[in-house]
S.K.: 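Structure incoming, see below.
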Amino acid sequence: MGDVWVYIEHREGSTSPLSFELLGIGKKLAQERGGKVCALVIGESVDQIAKEAIEYGAEKVYALTGGVFKNFRSDVYTKAACQLIEKYGPDIILFRSTTQGTDLSSGIAGKLNVGICADAISVYHENNVLKMVRAAFGGRFNVTVVNERATPKLITVRPKAFEMPEKKDGQKGEIISESVGVSDSDSMMKVVDFVKSAVTVNLVEADIIVSGGRGLGKPEGFNLLREFADLIGAALGASRAAVDSGWIPYEHQVGQTGKTVKPKLYIACGISGAIQHLAGMRTSDCIVAINKDPDAPIFKIATFGIVGDLYQVIPKLIEKFKAKLGK
Amino acid sequence: MKVVVCVKQVPDTEAEIKWDVEKGVLKRDSMDPITNPFDEFAVEEALLTREKYDCEIYAISMGPERAQEVLRNALALGVNGVYHILDPQLSGSDTFGTAYALAKAIMKIGDVDIVFMGRQSTDGNTGVVPGEVAAILGYTPLTYVSKIREIDFQGKRIVVERAIEGGFEVVEAKLPAVVSVIKGINEPRLPNLMGIRRAAKMEIPKWTCDDLGLDKDKVGLSASSTRVVEISVPPPKAQGEILKGDLDEVAEQLASRLLDLKIIK
Ligand SMILES: Cc1cc2nc3c(=O)[nH]c(=O)nc-3n(C[C@H](O)[C@H](O)[C@H](O)COP(=O)(O)OP(=O)(O)OC[C@H]3O[C@@H](n4cnc5c(N)ncnc54)[C@H](O)[C@@H]3O)c2cc1C
Ligand SMILES: Nc1ncnc2c1ncn2[C@@H]1O[C@H](COP(=O)(O)O)[C@@H](O)[C@H]1O
């Protein structure tokens with residue numbers, strides 16, 4: 001008992017280091033509960049992912065393989081995960097609050113009749129009680145929740161809320177290969193195609209985001225931002241005003257009705273800082289605001305601010321970074 | 001051919017928000033409420049589906065007395081019927097309790113092919129209710145849908161695009177399905193005056209726990225396994241610094257400060 005499972009997500013077998021990010025907090029929680037941190041990996045073939053999970057600290061890996069698991073499909077993944085949960089009885093299961101983590105955790109919750117703590121930004125023990133903190137109302141409040149009676153306790157965690165665990169060669173871990181009675185006929189859905197987005201950097205995974213708002217004044221403003229973003233290795237974000245003006249597609253929108261992001265560095269250009277925008281980015285580690293209005297609310301949450309016209313400030317910044325980075 | 005759309009009433013984000021700290025639940029009565037923005041897309045998608053395939057639309061909402069406002073709004077837009085799930089015993093339900101009550105209402109409506117929902121609510125923010133409802137009902141879970149390509153009500157088949165990390169996925173699935181939609185799938189229309197007038201006079205049927213045959217052990221505050229124990233205002237970020245100087249100086253300062261963070265390589 002006391003085991004903490006971490007669901008490792010992937011898309012057709014490919015992972016990013018962030019797929020493993022929850023093994024760090026998982027290990028800490030498991031130690032405090034006197035259990036083990038275990039990775040749950042489901043896929044067509046998962047040897048490589050299982051091996052990496054161990055390098056990132058998993059003490060055990062439950063590996064479920066089969067052609068039926070080639071693509072993530074919420075219904076069959078849920079069915080398979082529930083069978084394993086019933087067999088091994090984990091205490092806590094951590095998921096990332098991505099589309100996949102949300103789908104799988106909600107499927108399991110519906111089947112097993114338990115609650116979920118969604119999009120936690122902190123998870124810890126206090127007097128042996130597991131507490132989870134989540135943001136409510138666009139981050140204006142933090143709400144601490146407990147989930148004492150539920151087993152397993154399902155928690156989805158905001159990407160990048162916790163430190164990445166260190167990856168070490170030669171760590172030991174046990175791989176438990178499982179087969180469950182799930183076949184293609186158990187699925188009500190078929191993934192017929194995946195169309196890669198033109199956006200090369202995934203906003204939710206990005207360490208740096210440069211975001212533009214109505215202050216850009218015209219669609220071409222994003223060309224300037226893109227040049228800046230490319231130079232410093234950033235993904236491109238936007239406010240709803242910029243998206244609704246048709247300057248940039250919705251997939252770039254940050255905020256209450258867009259994406260929730262938590263990069264190490266968020267640079268807001270020509271964005272006023274409306275509460276709905278802040279909802280999506282206020283937990284970023286470092287926030288920079290560039291705005292010509294000194295009273296813009298964005299400055300209240302900015303780590304560094306520059307009051308000025310972005311069409312002057314950004315070209316100047318590009319020049320400085322080019323020189324300093326030797327590019 | 002029936003579709004259901006689940007609409008939730010949420011407080012306007014800008015509104016002053018009041019909590020019942022004791023119970024750890026929102027004092028919903030005291031706030032300026034709106035229809036959850038994502039649910040407006042869900043209603044619109046239901047209306048578009050009816051225009052194309054000629055089905056009936058039923059809107060349901062679970063919430064206090066006032067939640068009937070969002071149903072009236074749906075009526076003004078022309079849905080065929082609405083049901084308000086209203087019972088004091090439901091107050092304080094967690095996501096599972098909510099999903100369970102919605103699922104039972106969908107079962108009671110009967111012969112439903114598609115349940116449209118928003119991808120998440122702006123107050124609860126969990127986005128897990130659609131997946132839970134699908135799992136409870138055994139319907140196909142189709143979440144984060146950005147486009148419906150086709151529906152074949154007779155053949156019980158649907159093809160959708162789902163916006164997931166890094167791109168979109170085309171999924172062919174069986175009906176019945178729960179379809180949760182994202183912004184951008186359509187442009188919600190506004191009700192016209194005639195619709196509003198007509199809706200204002202309509203009776204809104206209410207369903208209690210007993211009407212739905214709910215197992216009381218699964219709903220309400222006492223049944224919820226997730227419980228709020230503390231509400232706090234997050235500590236303000238350390239007062240930021242406005243960089244001072246002429247253009248060249250501020251740009252120089254910012255560039256070197258940011259490079260010091262060792263994030264930009
Ligand atoms: C239900 C609901 C959901 C919403 N969801 C979201 C969401 O998900 N994301 C979101 O972003 N918004 C959302 N909004 C909208 C939000 O309320 C704001 O309207 C929006 O964020 C404003 O975008 P903006 O900051 O780009 O524009 P504005 O508020 O117009 O701000 C533009 C800023 O640019 C500055 N500026 C102008 N020209 C220049 C220049 N040359 N150089 C420098 N600065 C300049 C101005 O001083 C101003 O501060 C939502 C609203 C509602 C009601
Ligand atoms: N009380 C409710 N009444 C009706 N629909 C709801 C309710 N709660 C959640 N929903 C539906 O579930 C979606 C996701 O909500 P949530 O999981 O709370 O973020 C919403 O967009 C609604 O479509």
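It should be emphasised that the depicted structure is a prediction, and the values quoted were computed from it without experimental measurement. Chain letters run A, B, ... following the sequence lines, proteins first and then strands; every chain starts at 1.
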S.K.: Report which part of Asn113(A) has an atom under 4.5 Å of a heavy atom belonging to chain B: side chain, backbone, both, or neither.
M.R.: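 It is both, since atoms from each part get that close.
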S.K.: If I measure from the heavy atoms of chain A, does Gln120(B) come under 4.5 Å with its side chain, its backbone, both, or neither?
M.R.: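 Just its side chain gets close to chain A.
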S.K.: Go through the steps for Lys264(A) and Asp285(A) under the test salt bridge (charged side-chain N to carboxylate O under 4.0 Å, His left out), then give the verdict.
M.R.: CA-CA 5 Å; Lys264(A) 294 191 174 122; Asp285(A) 296 343; over 6 Å; no
S.K.: What part of Thr78(A) lies closer than 4.5 angstrom to a heavy atom of chain B: side chain, backbone, both or neither?
M.R.: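 Neither part.
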S.K.: Identify which part of Ile116(A) has an atom lying under 4.5 Å from any heavy atom of chain B, answering side chain, backbone, both or neither.
M.R.: both
S.K.: Within the side chain of Asn36(B), is there an N or O that forms a donor-acceptor pair under 3.5 Å with the backbone of Val7(B)?
M.R.: no
S.K.: Measure Phe168(B) against the heavy atoms of chain A and call it side chain, backbone, both or neither at under 4.5 Å.
M.R.: both
S.K.: Report the option among Ile136(B), Val159(B), Asp94(B), Leu259(B) that has the most heavy-atom pairs separated by less than 4.5 Å from atoms of chain A.
M.R.: Leu259(B)
S.K.: Please flag which part of Asn142(A) lies under 4.5 Å from any non-hydrogen atom of chain B: side chain, backbone, both or neither.
M.R.: both
S.K.: Are any side-chain N or O atoms of Lys111(A) and backbone N or O atoms of Ala135(B), one a donor and one an acceptor, separated by less than 3.5 Å?
M.R.: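 The answer is yes, because a donor-acceptor pair under 3.5 Å joins these two groups.
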S.K.: Please flag which part of Val288(A) lies under 4.5 Å from any non-hydrogen atom of chain B: side chain, backbone, both or neither.
M.R.: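 Only the side chain of Val288(A) comes within 4.5 Å of chain B.
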S.K.: Identify which part of Ile108(A) has an atom lying under 4.5 Å from any heavy atom of chain B, answering side chain, backbone, both or neither.
M.R.: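 Looking at Ile108(A), nothing touches chain B.
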S.K.: Measure Leu142(B) against the heavy atoms of chain A and call it side chain, backbone, both or neither at under 4.5 Å.
M.R.: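 It is the side chain, since no backbone atom gets that close.
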S.K.: How would you list, by chain and number, every residue that makes a salt bridge (Lys or Arg N to Asp or Glu O under 4.0 Å) with Glu172(B), sequence neighbours excluded?
M.R.: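 Glu172(B): salt bridge (Lys or Arg N to Asp or Glu O under 4.0 Å) contacts with Arg157(B).
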S.K.: Where does Val204(A) contact chain B at under 4.5 Å (heavy atoms): side chain, backbone, both or neither?
M.R.: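 For Val204(A), no heavy atom lies under 4.5 Å from chain B.
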S.K.: Does any heavy atom of chain B fall under 4.5 Å from the side chain of Ser187(A), the backbone, both, or neither of them?
M.R.: backbone
S.K.: Are the side chain of Lys153(A) and the backbone N or O of Asn147(A) linked by a donor-acceptor pair below 3.5 Å?
M.R.: yes
S.K.: When you look at Asp103(A) and Arg162(B), which way does the salt bridge (charged side-chain N to carboxylate O under 4.0 Å, His left out) test go after all the steps?
M.R.: CA-CA 12 Å; Asp103(A) 276 355; Arg162(B) 298 180 63 231; 2.7 Å; yes
S.K.: With a cut-off of 6.0 Å (strictly less than), are more than 12 heavy atoms of other residues, nucleotides or ligands near CG of Asp111(B)?
M.R.: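 At most 12 heavy atoms, drawn from other residues, nucleotides or ligands, come within 6.0 Å of this atom.
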S.K.: Where does Lys244(B) contact chain A at under 4.5 Å (heavy atoms): side chain, backbone, both or neither?
M.R.: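 Looking at Lys244(B), nothing touches chain A.
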S.K.: Under a 4.5 Å heavy-atom cut-off, does chain B meet the side chain of Tyr250(A), its backbone, both or neither?
M.R.: side chain
S.K.: Could you please spell out the steps behind the salt bridge (charged side-chain N to carboxylate O under 4.0 Å, His left out) verdict for Arg96(A) and Glu205(A)?
M.R.: CA-CA 11 Å; Arg96(A) 301 175 72 218; Glu205(A) 312 252 305; 3.1 Å; yes
S.K.: Donor-acceptor pair, distance only, cut-off 3.5 Å: does the side chain of Asp39(B) make one with the backbone of Lys8(B)?
M.R.: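 At least one qualifying donor-acceptor pair exists.
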S.K.: Tell me if the NZ atom of Lys259(A) is crowded by more than 12 foreign heavy atoms within 6.0 Å.
M.R.: yes
S.K.: Suppose a student defines contact as a heavy atom less than 4.5 Å from any heavy atom of chain A. Which residues in residues 176-190 of chain B would they list?
M.R.: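 Expected list: Ile182(B), Lys183(B).
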S.K.: Between Pro37(B) and chain A, with a heavy-atom cut-off of 4.5 Å, which part of the residue counts as in contact: side chain, backbone, both or neither?
M.R.: side chain
S.K.: Given that the side chain runs from C-beta out, which part of Leu258(B) has a heavy atom under 4.5 Å from chain A: side chain, backbone, both or neither?
M.R.: side chain
S.K.: So which part of Asn291(A) gets closer than 4.5 Å to some heavy atom of chain B, the side chain, the backbone, both or neither?
M.R.: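 The answer is neither part of Asn291(A).
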S.K.: What part of Arg11(A) gets within 4.5 angstrom of chain B, counting heavy atoms only: side chain, backbone, both, or neither?
M.R.: side chain
S.K.: Ignoring hydrogens and geometry, is there a side-chain-to-backbone donor-acceptor pair from Thr303(A) to Ile287(A) under 3.5 Å?
M.R.: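 Side chain of Thr303(A) to backbone of Ile287(A), a donor-acceptor pair under 3.5 Å: yes, one is there.
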S.K.: Can you say whether Ala163(B) sits under 4.5 Å from chain A via the side chain, the backbone, both, or neither, judging by heavy atoms?
M.R.: backbone
S.K.: Is there a salt bridge (charged side-chain N to carboxylate O under 4.0 Å, His left out) between Asp184(A) and Arg73(A) once you walk through the steps?
M.R.: CA-CA 10 Å; Asp184(A) 259 326; Arg73(A) 284 184 289 180; 2.7 Å; yes
S.K.: Tell me, which pairs form a side-chain hydrogen bond (donor to acceptor under 3.5 Å, both in side chains) where one or both residues lie in residues 308-318 of chain A, sequence neighbours left out?
M.R.: Lys316(A)-Asp248(B)
S.K.: Taking atom NZ as the centre, does Lys131(A) end up with more than 12 heavy-atom neighbours from other residues, nucleotides or ligands that are less than 6.0 angstrom away?
M.R.: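 Buried by this count: over 12 neighbours within 6.0 Å.
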S.K.: With only heavy atoms counted, which part of Lys327(A) is less than 4.5 Å from chain B, the side chain, the backbone, both or neither?
M.R.: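 For Lys327(A), the side chain is the part near chain B, not the backbone.
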S.K.: Does Lys190(A) have any salt bridge (Lys or Arg N to Asp or Glu O under 4.0 Å) partners at least two apart in sequence or in another chain, and if so, which?
M.R.: none
S.K.: Measuring heavy-atom distances to chain A, does Tyr100(B) have an atom under 4.5 Å in its side chain, in its backbone, in both, or in neither?
M.R.: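 Contact with chain A involves no heavy atom of Tyr100(B) at all.
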S.K.: Between Arg158(A) and Thr283(A), is there a side-chain donor-acceptor contact under 3.5 Å, judged purely by atom types and distance?
M.R.: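 The answer is yes; a qualifying pair exists.
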S.K.: Quick one: of Ala134(B), Ser146(B), Ser232(B), Ala173(B), who has the most non-hydrogen atom pairs under 4.5 Å with chain A?
M.R.: Ser232(B)
S.K.: Please look at Leu175(B) and chain A and tell me whether the side chain, the backbone, both or neither of the residue comes under 4.5 angstrom of a heavy atom of that chain.
M.R.: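 Neither part.
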S.K.: Is the side chain of Asn127(A) donor-acceptor paired with the backbone N or O of Val129(A) at a distance under 3.5 Å, no angle test?
M.R.: no
